[in-house]
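Worth saying up front: this structure is predicted, and the values here are computed from it rather than measured. For the numbers below, each heavy atom of this structure counts, side chains included, while hydrogens, waters and symmetry mates do not.
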Amino acid sequence: MQEAGMVAMRRYLSFEGENHLDFILAHSEQLQITMEDFLAALREIEPTATREFYTERSTVKWHHIGDCTG
């Protein structure tokens with residue numbers, strides 16, 4: 001939800017030739033988060049579970065574990 005709001009703000013701030021703050025304050029009742037904002041936000045965010053994914057390979061061998069062979 002937060003990212004969709006940021007997408008909407010960037011869209012409103014992208015209006016050329018406007019004083020951004022004055023434009024937003026004058027048209028605050030027209031500021032809306034649209035479905036396009038949500039869809040754009042989905043393309044930008046990365047799920048927490050996939051942000052950092054590392055695999056480790058153990059250096060322990062079967063012969064290190066109680067004389068097991070494998």
Side-chain angles (χ1 to χ4, degrees):
M1 178 74 110
Q2 178 181 355
E3 190 62 34
M6 293 301 296
V7 170
M9 285 304 296
R10 285 193 295 270
R11 182 169 40 87
Y12 284 109
L13 291 174
S14 69
F15 293 127
E16 302 254 347
E18 297 286 345
N19 181 333
H20 301 302
L21 182 58
D22 290 341
F23 178 82
I24 290 172
L25 292 175
H27 299 92
S28 61
E29 68 282 348
Q30 297 173 0
L31 298 177
Q32 295 180 353
I33 298 174
T34 65
M35 182 56 78
E36 289 79 21
D37 297 327
F38 279 103
L39 295 175
L42 280 176
R43 290 189 296 270
E44 292 180 13
I45 61 173
E46 184 177 355
T48 305
T50 61
R51 288 184 189 159
E52 292 187 26
F53 181 73
Y54 300 102
T55 59
E56 291 184 21
R57 189 168 183 182
S58 177
T59 59
V60 176
K61 306 292 182 199
W62 283 109
H63 68 273
H64 295 135
I65 304 173
D67 290 328
C68 292
T69 57

How long is the gap from CE on Met6 to CD on Glu44, to the nearest 0.5 Å?
-> 9.5 Å
Listed by chain and number, what are the salt bridge (charged side-chain N to carboxylate O under 4.0 Å, His left out) partners of Glu3, not counting sequence neighbours?
->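 In terms of salt bridge (charged side-chain N to carboxylate O under 4.0 Å, His left out), with neighbours along the sequence ignored, Glu3 is linked to Arg10.
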Please list, chain by chain and in numerical order, all residues satisfying side-chain contact (heavy atoms from CB on, under 4.5 Å) with Ile33, sequence neighbours excluded.
->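 side-chain contact (heavy atoms from CB on, under 4.5 Å) list for Ile33, sorted by chain: Ala4, Ala8, Asp37, Phe38.
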Determine whether more than 12 heavy atoms belonging to other residues, nucleotides or ligands lie under 6.0 Å from atom CD of Gln2.
-> no
Would you kindly confirm whether Leu39 and Ile45 end up in one hydrophobic cluster when ILVMFWY residues are joined by side chain heavy atoms under 4.5 Å apart?
->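 Yes, Leu39 connects to Ile45 through the hydrophobic network.
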